[in-house]
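Please read the structure below before turning to the comments.
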Amino acid sequence: MERAQARLWHGARPEDTAHQRDYLDKPNQWAVWVEKLTKGWFLTSNPDQGRLQRKVRAFGNFVEYTPLVILFLVVLELMQAPSPLLWGLGIAYSVGRMAHAVGVMETYGPSPGRAIGYFLTLLVYLIGASACLVLGSRFYFS
């Protein structure tokens, strides 16, 4: 929906597509139908180009941090970590990422959502890594 409002089908800024052919110059039937549909449903008079870029960045940030947290949870589960620890890490990470995404998408620059998301993610990383070290040493030295 954001891409339709910003009229950008690739990239996050108009400059990203400057060297690509504009398919709406000589559209085929499919493009005409999609254009008509999106203009009626999504088009705003003053689209926010930066909002799309912020949404792309929020998704990218999520993709950058999530694999390691999943790895922490899987390894801790395999090491038979206490269930409240696993649930706590998972819930803290989920809340943090949602807060961070809202903070990134709604404002440019610092925001409470970004700060909450950053600190919860950092907390999950620190506790997850520490728990892996402690539980791993327990298995190694026993």
Side-chain angles (χ1 to χ4, degrees), residues 1-140:
M1 187 165 74
E2 197 66 44
R3 286 196 177 280
Q5 287 178 349
R7 313 304 294 157
L8 290 172
W9 306 115
H10 302 284
R13 303 170 300 166
E15 295 82 29
D16 294 341
T17 60
H19 300 291
Q20 296 180 13
R21 177 170 87 84
D22 185 4
Y23 288 97
L24 297 178
D25 283 343
K26 298 177 186 172
N28 59 22
Q29 292 296 337
W30 173 254
V32 169
W33 181 77
V34 170
E35 180 69 9
K36 183 178 178 184
L37 184 71
T38 57
K39 274 188 177 178
W41 285 359
F42 304 116
L43 191 60
T44 60
S45 59
N46 190 13
D48 181 5
Q49 300 287 347
R51 185 169 172 84
L52 175 62
Q53 192 171 12
R54 291 190 308 270
K55 283 186 175 185
V56 168
R57 190 59 235 142
F59 177 74
N61 195 280
F62 175 81
V63 170
E64 291 166 3
Y65 285 97
T66 300
L68 188 57
V69 172
I70 292 173
L71 186 62
F72 281 148
L73 293 175
V74 168
V75 169
L76 288 170
E77 177 69 28
L78 292 173
M79 289 193 288
Q80 300 173 347
S83 186
L85 174 66
L86 297 172
W87 278 97
L89 290 175
I91 290 170
Y93 184 72
S94 298
V95 169
R97 288 292 90 195
M98 285 187 271
H100 188 272
V102 169
V104 168
M105 288 187 293
E106 296 302 320
T107 61
Y108 178 78
S111 69
R114 289 183 79 174
I116 290 168
Y118 169 77
F119 286 114
L120 281 176
T121 301
L122 181 64
L123 183 70
V124 168
Y125 267 52
L126 292 174
I127 292 173
S130 299
C132 284
L133 289 173
V134 169
L135 292 174
S137 67
R138 185 180 75 185
F139 282 109
Y140 183 74

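To the nearest 0.5 Å, the span separating CG on Leu86 from CD on Gln80 amounts to 11.0 Å. Separating the NE2 atom in His100 from the OH atom in Tyr93 is a distance of 10.0 Å, to the nearest 0.5 Å. How far OG of Ser94 is from CG of Leu89: 10.5 Å, rounded to the nearest 0.5 Å. Here the CG-CG distance, from Leu71 to Leu76, works out to 9.0 Å after rounding to the nearest 0.5 Å. Separating the CZ atom in Arg54 from the OG1 atom in Thr107 is a distance of 7.5 Å, to the nearest 0.5 Å. Remark: Leu126 CG to Thr121 OG1 distance equals 11.0 Å, nearest 0.5 Å.
Side-chain atoms of Leu135 and Val75, non-hydrogen and from C-beta on, never get closer than 4.5 Å to each other. The closest side-chain heavy-atom distance from Asn61 to Val104 is not below 4.5 Å.
The minimum heavy-atom distance between Met79 and Arg138, with the atom names listed, is O-NH2, 3.7 Å. Nearest heavy-atom pair across Gly117 and Ala99 is N-CB, 4.3 Å. The two residues Val124 and Ala92 have their closest heavy-atom pair at CG2-CB, 3.8 Å.
No more than 12 heavy atoms of other residues, nucleotides or ligands lie within 6.0 Å of OH in Tyr118, so this atom counts as exposed by the packing criterion. Dense packing is recorded around CD of Glu64, with more than 12 heavy atoms of other residues, nucleotides or ligands lying under 6.0 Å away. Residue Phe72 places its CZ atom among more than 12 non-hydrogen atoms of other residues, nucleotides or ligands, all under 6.0 Å distant.
In this structure, Tyr125 contributes its side chain and Leu68 its backbone to no donor-acceptor pair below 3.5 Å.
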